[in-house]
Amino acid sequence: MTVPRETRRVWAGDRPARRGGGTRLIPARDRTAAASAGNPPRDTLDKARGAPCWLSLATRDLRGAEEFYGRVLGWCHVPLLGSPRRPRSLAVRAGAPVGTISETTCDLGGLAGWTPYFAVDDVDGAVTRFRERGATVAVGPLVTSAGRIAVVAGPEGAVFGLRQQAPDPNWRVGDGPIARLELHTRDIFAAALFYGGALGWADGSGDSCEVEYAHGQIQVRDGLRTVAALSDGTPPGSEGRHRWHACFRVADADAAAAAAVVWGGRVVSPPQGPAHRREAVLEDREGIPFTVVAS
């Protein structure tokens with residue numbers, strides 16, 4: 001979708017607004033001034049309210065998933081305590097947390113895939129706001145060892161979670177193993193209204209994510225980092241479904257694509273782009289799509 005420069009919009013409360021009248025990202029010079037006035041820049045604080053704070057994957061074969069992602073992406077896996085009927089592990093790359101992989105015997109249906117979780121102050125309140133906007137609550141709210149959570153499906157079926165606290169403060173998008181999180185949707189501005197209104201993006205409080213239209217996407221930022229992007233269309237390998245899509249960092253996208261085939265996965269879109277930013281879309285053994293980004 002092409003949006004003329006004069007009508008590009010940013011998030012502003014409960015409605016889209018022209019750039020001059022909406023919330024804008026604070027330039028670096030203003031952040032420095034804020035820090036000198038006693039207000040530290042967002043990058044020195046905990047995650048902003050409404051920012052992604054975790055990833056999880058439910059699979060029918062935990063050991064198989066661990067082997068696949070270990071061989072293809074170079075992850076290590078740490079067993080987690082919990083019910084023996086639902087074993088789980090923490091995926092780690094170079095000491096940085098990636099997310100949780102858990103085994104399930106359920107038919108996952110629309111829940112299949114890498115699921116991002118968003119940080120909220122009140123899970124129950126956020127669930128109510130999402131319900132009012134047409135979402136379906138798939139799980140919870142319930143209390144877990146990692147705090148209160150819920151899993152929600154948006155009007156187009158994209159699945160995401162809510163957490164009252166981040167499982168690991170070292171988890172982040174943009175640095176380390178998670179390169180990007182993307183929502184592929186029919187209408188990025190409607191999606192911004194849906195998520196922004198319920199998660200409190202750019203609500204003027206100073207502790208929430210900021211949102212801006214740039215490069216044909218709506219970008220969600222925690223301080224200076226882009227932590228999510230809303231894009232038009234469906235991601236490769238999703239069979240026309242609108243969903244959240246995870247992009248993982250690797251040393252060599254071509255090697256990861258070759259390893260995916262060897263270890264039972266599939267190459268959806270072959271590696272392309274310059275050597276330092278080469279990307280490919282792959283599927284794991286259960287058909288879950290994800291992107292690898294060389295860097």
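Note that the structure is predicted; figures quoted are calculated from it, not measured. Numbering of residues begins at 1 and proceeds along the displayed sequence.
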S.K.: Using the ring of each side chain (for Trp, its six-membered ring), is Tyr195 parallel, tilted or perpendicular to Trp201, with breaks at 30° and 60°?
M.R.: parallel
S.K.: Taking the side chain as every heavy atom from C-beta outward, state whether Gln164 and Asp121 have any atom pair closer than 4.5 Å.
M.R.: no
S.K.: Between Pro116 and Leu181, which heavy-atom pair has the shortest distance, and what is it?
M.R.: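 Nearest heavy atoms, Pro116 then Leu181: CB-CD1, 4.0 Å.
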S.K.: With Arg133 as the cation and Phe194 as the aromatic partner, state whether NZ or CZ is under 6.0 Å from the six-membered ring centre and within 45° of the axis.
M.R.: no
S.K.: Would you say Leu282 and Val293 are hydrophobically clustered, going by side-chain heavy atoms of ILVMFWY under 4.5 Å?
M.R.: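 As far as the 4.5 Å side-chain criterion goes, Val293 and Leu282 are not connected within one cluster.
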S.K.: Please lay out, stage by stage, how Val152 and Val159 fare under the test side-chain contact (heavy atoms from CB on, under 4.5 Å).
M.R.: CA-CA 6 Å; Val152 180; Val159 177; over 6 Å; no
S.K.: Any side-chain heavy atom of Tyr117 sitting closer than 4.5 Å to one from Val151?
M.R.: yes
S.K.: So that I can tick it off, tell me whether Arg148 and Asp124 are bridged by a salt bridge, with the cut-off set at under 4.0 angstrom between side-chain N and carboxylate O.
M.R.: yes
S.K.: Evaluate ring-ring contact (aromatic ring centres under 6.0 Å, His included) for Trp75 paired with Phe248, printing each intermediate quantity in order.
M.R.: CA-CA 11 Å; Trp75 297 352; Phe248 300 115; 5.0 Å; yes
S.K.: Which heavy atom in Arg243 sits nearest to a heavy atom in Ala158, and how many Å separate them?
M.R.: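 Reported closest heavy-atom pair: CA-CB, 3.8 Å.
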S.K.: Nearest 0.5 Å, please: how far is CD in Glu182 from CG in Leu230?
M.R.: 10.0 Å
S.K.: Measure across Ala48 and Cys209 and return the closest heavy-atom pair with its distance rounded to 0.1 Å.
M.R.: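 Taking every non-hydrogen atom into account, CB-N, 3.8 Å.
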S.K.: So, for Ala259 and Arg71, which heavy atoms are closest and what is the spacing to 0.1 Å?
M.R.: CB-O, 4.2 Å
S.K.: Scan side-chain atoms only and decide if Ser56 and Trp114 contain a donor-acceptor pair under the 3.5 Å cut-off.
M.R.: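 Side chains of Ser56 and Trp114: no pair found under 3.5 Å.
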S.K.: Heavy-atom distance under 4.5 Å between the side chains of Thr104 and Thr59, does that happen here?
M.R.: no
S.K.: Backbone N or O of Val173 within a donor-acceptor pair of the Arg225 side chain at under 3.5 Å?
M.R.: yes
S.K.: Is it the case that the side chains of Glu279 and Thr291 hold a donor-acceptor pair, with the cut-off being a distance below 3.5 Å and no angle test?
M.R.: no
S.K.: When rounded to the nearest 0.5 angstrom, what is the spacing between CZ in Arg86 and OG in Ser102?
M.R.: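 Here the rounded value is 4.0 Å.
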S.K.: Going by the rule side chain to side chain donor-acceptor pair (under 3.5 Å), which residues pair with Thr226 if we only count those two or more places apart in sequence or in a different chain?
M.R.: Arg221
S.K.: Side-chain polar contacts of residues 251-258 - donor-acceptor pairs under 3.5 angstrom, sequence neighbours left out - could you list them?
M.R.:
residue : atom : partner : partner atom : Å
Asp252  : OD1  : Asp254  : N            : 2.9
Asp252  : OD1  : Ala255  : N            : 3.0
Asp254  : OD1  : Arg278  : NE           : 2.6
Asp254  : OD2  : Arg278  : NE           : 3.4
Asp254  : OD2  : Arg278  : NH2          : 3.4

S.K.: Taking C-beta and beyond as the side chain, do Leu55 and Ile178 meet within less than 4.5 Å on heavy atoms?
M.R.: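 Yes, their side chains come closer than 4.5 Å.
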S.K.: Trp54 vs Asp168, test: side-chain contact (heavy atoms from CB on, under 4.5 Å). Steps then yes/no.
M.R.: CA-CA 8 Å; Trp54 198 245; Asp168 191 323; 3.8 Å; yes
S.K.: Apply side-chain contact (heavy atoms from CB on, under 4.5 Å) to Ile149 and Leu142, showing your working.
M.R.: CA-CA 6 Å; Ile149 69 166; Leu142 53 83; 3.8 Å; yes
S.K.: Are side-chain heavy atoms of Leu162 and Val127 found at a separation under 4.5 Å?
M.R.: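 The answer is yes, as the side chains (C-beta and beyond) meet within the 4.5 Å cut-off.
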S.K.: Pair up each side-chain donor or acceptor in residues 87-99 with any protein partner under 3.5 Å, not counting sequence neighbours, and list the distances.
M.R.:
residue : atom : partner : partner atom : Å
Arg88   : NH2  : Leu81   : O            : 3.0
Ser89   : OG   : Glu66   : OE2          : 2.7

S.K.: Measure the shortest side-chain to side-chain distance between Tyr69 and Phe290 over non-hydrogen atoms and say whether it is less than 4.5 angstrom.
M.R.: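 Yes, at least one pair of side-chain atoms sits under 4.5 Å.
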S.K.: As a quick check of understanding, evaluate side-chain contact (heavy atoms from CB on, under 4.5 Å) for Arg285 and Arg266, giving each step before the final call.
M.R.: CA-CA 8 Å; Arg285 290 173 173 173; Arg266 185 172 76 92; over 6 Å; no
S.K.: Angle between ring planes, His184 versus His245, binned at 30° and 60°: parallel, tilted or perpendicular?
M.R.: perpendicular
S.K.: Check step by step if ring-ring contact (aromatic ring centres under 6.0 Å, His included) holds for Phe130 and Phe160.
M.R.: CA-CA 11 Å; Phe130 274 116; Phe160 59 95; 5.0 Å; yes
S.K.: Taking side chain to side chain donor-acceptor pair (under 3.5 Å) as the definition, give me every residue that meets it alongside Asp61, ordered by chain and number, with sequence neighbours left out.
M.R.: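 Side chain to side chain donor-acceptor pair (under 3.5 Å) check on Asp61 returns nothing, list empty.
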S.K.: Please report the shortest heavy-atom distance between Gly113 and Ile288, naming the atom on each side.
M.R.: N-CD1, 3.5 Å
S.K.: Does Glu103 have any side chain to side chain donor-acceptor pair (under 3.5 Å) partners at least two apart in sequence or in another chain, and if so, which?
M.R.: none
S.K.: What is the distance from atom OG of Ser208 to atom CG of Asp222, rounded to the nearest 0.5 Å?
M.R.: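 Output value for this atom pair is 9.5 Å.
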S.K.: Under 3.5 Å, is there a donor-acceptor pair between the side chain of Glu286 and the main chain of Arg60?
M.R.: yes
S.K.: Is any side-chain heavy atom of Val137 closer than 4.5 Å to a side-chain heavy atom of Arg131?
M.R.: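 Result yes, sub-4.5 Å side-chain heavy-atom pair found.
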S.K.: Looking at the rings of Trp244 and Phe118, which for Trp means the six-membered one, are their centres under 6.0 Å apart?
M.R.: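 Centroid separation for Trp244 and Phe118: below 6.0 Å.
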S.K.: Test: ring pair (Phe, Tyr, Trp, His ring centres under 6.0 Å). Region: residues 256-288. Which pairs qualify, not counting sequence neighbours?
M.R.: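 Every pair satisfying ring pair (Phe, Tyr, Trp, His ring centres under 6.0 Å) with a residue in residues 256-288: there are none.
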S.K.: Looking at Ile188, is its backbone amide N or carbonyl O close enough to the side chain of Thr185 to form a donor-acceptor pair, meaning the two atoms are under 3.5 Å apart?
M.R.: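 Judged by distance alone, no pair lies under 3.5 Å.
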S.K.: So, do Leu62 and His77 sit near enough that their side-chain heavy atoms are less than 4.5 Å apart?
M.R.: no
S.K.: Would you say Leu80 ends up clustered with Leu57 if hydrophobic residues are merged whenever their side chains have heavy atoms under 4.5 Å apart, either directly or through other cluster members?
M.R.: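 Same cluster: Leu57 reaches Leu80 through Ile, Leu, Val, Met, Phe, Trp or Tyr contacts under 4.5 Å.
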S.K.: Could you tell me which non-hydrogen atom of Ala150 sits nearest to which non-hydrogen atom of Val123, and how far apart they are?
M.R.: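 Closest approach of Ala150 to Val123, heavy atoms only: CB-CG1, 3.8 Å.
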